[in-house]
Every structure is written in structure tokens, then in C-alpha cells.
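To start, the structure under review is shown below, and the notes come after it.
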Amino acid sequence: MKNSIHQISLVMVAIVAMCSYSLSVSAQQLKAETIDKIVKAMTLEEKCHMVLGRGMHFNDDAKFPGTAGSTFSVDRLGIPETYCADSQQGLRMNATRAWDHNDYFPTDFVASMTLASTWDREAAFKVGQGIGNEVREFGLDWILSPAMNLIRNPLCGRNHEYYSEDPYLSGTIAAGYVKGVQSEGTAACPKHFVANNQETNRNNNISQVSQRALREIYLKAFEIMVKESDPWTIMTSYNKLNGPYAVQNYELLTTIVRDEWGWKGMFVSDWNAGDDAVAAMLAGNDMLQPGQPKQYDAILEAAKSGKLPMEVLDANVKRILEYVIKTHNFKGYKYSNEPDLKAHAQVVREVGADGIVLLKNSGILPLTGKKVALFGCTSYDWISGGSGFGGTSVGHYTVSLVEGMRSAGYEVYKPLIGIYTQHLAAEEKRLFPEGRPPFSLMPPARADEKQFTAEELNAAIEGSDVAIISLGRKSGEAADRSEADFYLKEGEAQLIKAVSEAYHAKGKQVIVLLDICSPMDVASWQDQVDALVCTWQGGQESGFSVADVLSGKVNPSGKLPMTFQIKYGDAYADQFFPANVDDKTLGAMFMWGYNKDQAPKERKPEANIDYTNYEEDIYVGYRYFDSFGKPVAYPFGFGLSYTTFAYENMSVSEANGVYTVKVDVKNTGSRAGRNVVELFVAAPNSKKLNKPEKELRNYAKTKLLQPGQSETITMTVKTEDLASFNEKASAWKTDAGRYDFLICSSANDVEAKASANVKAWTKKVNNVMKPNVKLNLLKR
Ligand code: BGC
């Protein structure tokens, strides 16, 4: 009896102890100070779920239908679900929901290329802030942008989502955007890390890149962004890089980004990237989205067997929780579903106009005549952005060119509106006899140009002061453009010729608007027209932005963030790009992780499809054209204004390894305007040392300068910013010597120059990321 009482009391003690243990565990709630304890309190199964995403939320029952994913929740530990959405140009979420009469239209901001063309970090901040605010006010936490892969080739299908061919411009614009997003307490997610520069076979292609080009060009953009803006998360890319998938590459993610750059955030995979979930965890890729059952099984098994050490899995989970505690949902933010769309529309209009690049102007612009005839299908079917997940929600409005011009006080020649309305309807029937397919990653086919009779043209000339022809190019995720898309289509060439000849014969002029997603040929036909305006794709307010610039309400100040080459093939890198692959959807099966039938077929490795050798090395964009003396149609950094600027009193001084460059920029024309000041630096003996002729090291944008007004612009460059990567020594090295500091108005136009002695500087880094094939690299 005594014994059994003793036993009962022991059992009771044990029960009480267990209860209080589980109470103390469940009382444990996620907080900044308790992350380590929470990780300890999580079961192995919970950890394995935590490192996998929950997505995609495409069905109507989802909390946020049409969004990319969310993260795992553990209620007992106070870990909430957090929500992410694409994109680059605006929050991608269904604007309407079943069983709900409200609508949820986010703002369609500007294409990234447009943003980069502003050369304005403030503009990048404002756009990021607007998007970050909408993410918050619509109840989400995390935006999957900015996309910031280098523009290595004009045909990459996602160029409109990217910024520039130059890592400094890309990195600083991305940093502005990230700071804007995160100023709203929303997580940014710069992507796709890294060397993901083509869409063809995007899930399987191996980028083979020298250590030097990686360090100086592809990693550099991300390094600048990471150091300037400290994003909470980074998305790894689909491609393989010098061997393993980027998402499974320890040297890339851990050795370089975490150990060398000191970044502490969370890596997330691109959606279904890679083929080995355990390798991704080991590499330091903390979260795999959208998460697959087989990934869960593999991680669980590897954790049990010890192949995935618990401290690695714990570190992955910890970094995810560090992200979670910063989110709106964790903080219980009461969202309004009512962001200030009006204020954001104003940002779109202004940034859209500031990103427009004036390439050629006979003097016709700004437009004084009040009657305009709009030619070209794109004039009536304006493209506000690219296709794919980088776009914004389907169904949002776009201010048309017609509306924009009318609101600026122009009379739009009416008969053409009727003619094009009919033509576009007929083309729609011809191209989509069954109706348009539902959302697709591929951009829909576009109408062929309408040709005009002499009578129709004569009538248009009678009824207008000037002709405006719009040309459009649209591309997007999962497919690259083909070489033919770089050039005019036959119908476009005929239209330009016919309209220009007819208008010129009557002493009237012709303006061409390029509503394009990436550079195209202009060299072969631009002589026929009087003005050329690269409008890019400016989001929902584009019609207003374009009209603001054509009318002179806004003086154009955009500069090209990439080179316009004369012909496709002119850039050395063009040989190493899949310019003419017929199977546009090759490797675009981003969902193949779910479905074995969609897995890539075994293929005989083919250059530029299965592997791409970046043999142009560091000579990407202007670094090639400039260093090898090749002519271009329009150089990197080019853009005209309606006024003129002078650069005076340039100086460079040094203190503690920091070079301070000063220059007075004076508006010498008769209209107010802003001006971008580009600072390139040329290293001594660049040819002998196989360095680019000159490289962009800083830039600034003036305020609005009134005629006669000037502003002193100050820019700094550090000795280490001038370093090249020396593969043999595995070190960054700045060679000593006299460097030229160049104030430029484009990569081809040096406006002022000063030189300074630079001392040698060097920094050793890890000898990692070696390509495992021999590359025949271009040298000067
Ligand atoms: C794209 C990413 C995007 C993800 C989620 C992928 O197909 O490459 O940029 O963030 O889908 O939608």
C-alpha cells in the first residue's frame, strides 16, 4: 500500500512536471530575444516544414489569391504565417476575389529599366517605398523584388525587370529601391542571385564565368546593393554557376555573401530552383519556395541520418525566424486594404517621365503644333510593362497615349483612331481565333502593322502638324527574344518609310516613340525620322508621362542604362547568348519540380543552351564597345535634354583614400531641366593591364536648374572602388598610378577631366567559384 501510494505520488509528480514543461514550452513565444530558445523548442518536423515555403496561392480560397507564397506557421510557438508576392513593377495579387465585391488593385509602377534610366537613387527609393507600402496595406510582408541581373545581352526576356549593363548603376538603383521597400517595414528580396542572364533553358543552363568577371561584374552589383541597403532576404537563381546550381553553392552563398560581405539575412530559392534540397540547406540557402513534399522528406531524412547536421538546419531556421520577427504579420499590423493609390499614381507619372530618354531631336520637340496623328498599333495598344510574374495584377488601367496627349491639350487626329480600332480588332481575331489564353508567362503575339493608302496618308497630313509613330516590344519571364525581334518587322519598316516620306514631302516632321522592353535596332532607320524618344515601359500612367515629355512640361533627363548597339552581333557577348532558339519554352518548365513529366529531357549539351561560356569576360556593355573602339548607335549613359548644360571648375582631391570630385553644372539653355552627371574613372595602362578603358564609379542628378542656374555636384570614390580582381592572387588590387577622373554625359562624351595619384591597395579574398571548364576569355 505504502509502495503504491509512493508510486502514485511519483506518477503525479511526473505528470505535474510534464505539464509544467509543456506549459513552459508552449508559453515560449517568438520574440527577438527568444529566437534561439524557439529553435530549440521546435520539433524536427517543424524545422523541416519551416525551411520550406507554402505556395503558390493561385486559387480563390487563398488569403491573398494570386500571390507567390507564404511561410510556415507554428501557432504554439507564436510563429505566424507571413506572405510574399511578386514583383518588380507592382504587387502581383489578384485584383478581384471570389465572394468579395471589393477590389484590390495595386499600383502598376514603372518597369525597372525605366527606373534605372532616371539615374536617380531618390526615384528608386520612392518606387520601392510605394510598393513596400502597398504590400503592407494589403496585408502582406515580403516583396520578391528588385530583380537586378545584369543586362548582358539585349535579347534577354527579362531585361525590362533588370536595371543596367553596369554593376554600379544596377547596385545603387537596387539599393535605393530596397531602402524604400524596407522603410515601410516590408521585406525586400533582391534577385536572382546570380549570373542568371538568359531565360532559355533557365532551370538547367550552366553559366560559366571567370572569377574576375563574377567579382567585378555579376557579384559586384549585388555586393554594392547588400552593403548599401542590407536587404532582409535575397533570392537565389535557377541557373547553375560554374558547376552546381546557384541555390546549392556553398562557396557562393556562405563563403562570399555571408563570410566575406558579412550579410546576415535569409536566402530563399527561386520557385522550384535546384534539384537537391539538402545541398541547398548545406549551402546556406535557408528557404526553398514554394516547397515540395519530396524536399520535406529529403531534409527530414538527412537531418535524421546526420547528413544534414542539426546546427546547419538550426541556422537556416534561425535566419528565417529573424526575418519573421520583422514582418507586419508578426507584429499584428492592422492593414487597411487602402494604400494611397493617388499618391502612388503621381510617383509613377513623375518617375515614368524622368525615365524617358530623348535619343534624337531635330528641334521638333517639345511639340509646339497642337494637332498630332498617331501611327503604329502600339499608339493604340500601349505597353505599360513586361509579361510574366514581373508584371503587376492583370486588369489594372493604363493611361493610353491618346488620353495622355489629349489631356496635355493636343488634338489627336480622329480618323486614325477608327482605322486602328478596326485593324486591332481584326488582328486580335486573326492571332487569337479561340480568344486570348489565360495568364501565360509568354507575352501575347502582337498585331502586324497596318499600311496606308496615299489618300489616307494625305488626309492625315492635312489633319495634323506632326506624325508620331509608336513601336512596341514586349517580353517577359521564361523566354528570350530572338534576333529578329531586335530589328524592325517588315510592316514597321514600311510604315516608317511611307509616313516619313509623305510627311516630309509636305514639310512636316515625324517622331518615333520606342515603347520597348530592351534595346532594339535604331541605326538602320532612324535617319528617316526627325525625333526618337525611348519611352520604355512606364506603368499605369505612361500616357501622361509620355505627353509630359513631348509637351515639354517635363524636360527629359533620362539616360540610357545600357548601350544601344548598331547590329545584333556587335557585342562580343552576343556570340554567347541563345539568340535564335526556336523552342521558346525550352527549359521554362519552372513547375517541373511538381511534375516529373515536365522534367528536362536528357540532351546532348549545346552551347548557350545547356551551358553558356561568358567569354566576353569583364567586357560587358560599354566596357566592350569603349575598350575596343567599336561604334554604337547610342552609348551607355546617353540622353538629350531640351536645354544645354556646361560643366565648370572640376576638381579632384584626396583625403584618407577617398577622392572627392566636384564640378559645377550650369544650365546654359533656355528651359529648366535636370541633368545626370556621370563620373567615370580611367586607370593608367588600362590596355596593358587588361582593364576597361574607363568604368562608371559614381553619378549624381542635379535638382531642377533654371536657365543660367548652376549647382555644385560632389561625388566620392574610394581607392578600393578602383580595384580590379586579380585571379592569380585571389585579391582585389588597385594599382598605383595617375588616374583620370572623367565627368561624362555618356560613355562616349567626356565633358571635363582631372587626374589624381592613387596609391596601391589590395585585399585578399577566398579563392572560390572557379569555373570548371577552360574559358577562352577576351583580353584587350
Ligand atoms: C521567377 C521569380 C519569381 C518566382 C515567384 C519565378 O518563376 O523567376 O522571379 O519571384 O517565380 O513567382
Side-chain angles (χ1 to χ4, degrees), residues 52-59 62 64-71 82-94 106 111-112 131 135 140-149 156-163 174 177-178 181 186-205 207 222 231 233-240 245-247 266-274 285 287-292 385-394 439-443 475-480 585-595 598:
L52 297 177
R54 276 180 176 168
M56 310 177 75
H57 299 311
F58 280 171
N59 64 36
F64 302 111
T67 55
S70 59
T71 60
T82 72
Y83 299 87
C84 66
D86 277 304
S87 71
Q88 192 72 3
Q89 192 161 335
L91 171 57
R92 184 166 197 100
M93 173 176 78
N94 293 356
S112 304
I131 292 180
V135 170
L140 295 95
D141 301 286
W142 179 21
I143 189 81
L144 305 176
S145 58
M148 53 175 296
N149 294 94
C156 173
R158 292 186 92 166
N159 277 350
H160 63 95
E161 289 189 65
Y162 303 154
Y163 294 127
Y177 182 102
V178 169
V181 169
T186 296
C189 187
K191 64 188 187 185
H192 310 85
F193 190 69
V194 61
N196 180 192
N197 306 98
Q198 67 182 59
E199 289 303 284
T200 305
N201 200 21
R202 69 173 179 159
N203 288 85
N204 311 293
N205 176 265
S207 306
F222 281 89
T233 76
I234 294 179
M235 186 189 293
T236 49
S237 54
Y238 281 134
N239 55 294
K240 296 174 186 167
Y245 280 102
V247 55
M266 167 183 113
F267 273 118
V268 60
S269 71
D270 199 344
W271 268 228
N272 290 312
N285 189 99
M287 183 183 287
L288 292 165
Q289 281 277 9
Q292 303 166 19
S387 63
F389 293 123
T392 187
S393 296
V394 187
F439 173 73
S440 144
L441 287 177
M442 303 284 288
S475 69
E477 184 174 341
D480 292 312
T585 56
L586 179 77
M589 297 304 176
F590 72 100
M591 299 295 270
W592 71 267
Y594 280 126
N595 185 350
Q598 293 176 325

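Order of listing sets the numbers, starting from 1, for every ligand and every atom in it. What you see is a predicted model; the values in this text were computed from it and never measured.
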**Q.** Lys191 N/O under 3.5 Å from ligand 1 N/O
**A.**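 Yes; at least one N/O pair falls below 3.5 Å.
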Could you tell me, atom by atom, which parts of ligand 1 come under 4.0 Å of a heavy atom of [X]?
| X | value |
| --- | --- |
| Arg158 | 1 (C), 2 (C), 8 (O), 9 (O) |
| Leu144 | 10 (O) |
| Asp270 | 1 (C), 2 (C), 3 (C), 4 (C), 6 (C), 8 (O), 11 (O) |
| Met56 | 12 (O) |
| Arg202 | 7 (O), 8 (O) |
| Met235 | 10 (O) |
| His192 | 2 (C), 8 (O), 9 (O) |

Q.
Applying the side chain to side chain contact (heavy atoms under 4.5 Å, CB included) criterion to Tyr245, which one of Asn204, Thr236, Asp270 satisfies it?
A.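 Answer to the side chain to side chain contact (heavy atoms under 4.5 Å, CB included) test with Tyr245 among Asn204, Thr236, Asp270: Asn204.
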Q: Using the six-membered ring wherever Trp is involved, compare the ring planes of Phe222 and Phe193 and label them parallel, tilted or perpendicular (cut-offs 30° and 60°).
A: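 Ring orientation of Phe222 relative to Phe193: perpendicular.
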**Q.** Step-by-step side-chain contact (heavy atoms from CB on, under 4.5 Å) determination, Lys191 to Asp86
**A.** CA-CA 11 Å; Lys191 64 188 187 185; Asp86 277 304; 3.2 Å; yes
Q: Please determine, by modelled atom types, if Thr200 and Asp480 share a side-chain donor-acceptor pair under 3.5 angstrom.
A: yes
**Q.** Separation between CG of Asn239 and NE2 of His192, rounded to the nearest 0.5 Å
**A.**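 Result: 10.0 Å between the selected atoms.
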**Q.** Tyr83 side, atom OH; Ser70 side, atom OG - distance, nearest 0.5 Å
**A.**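 Here the interatomic distance stands at 6.0 Å.
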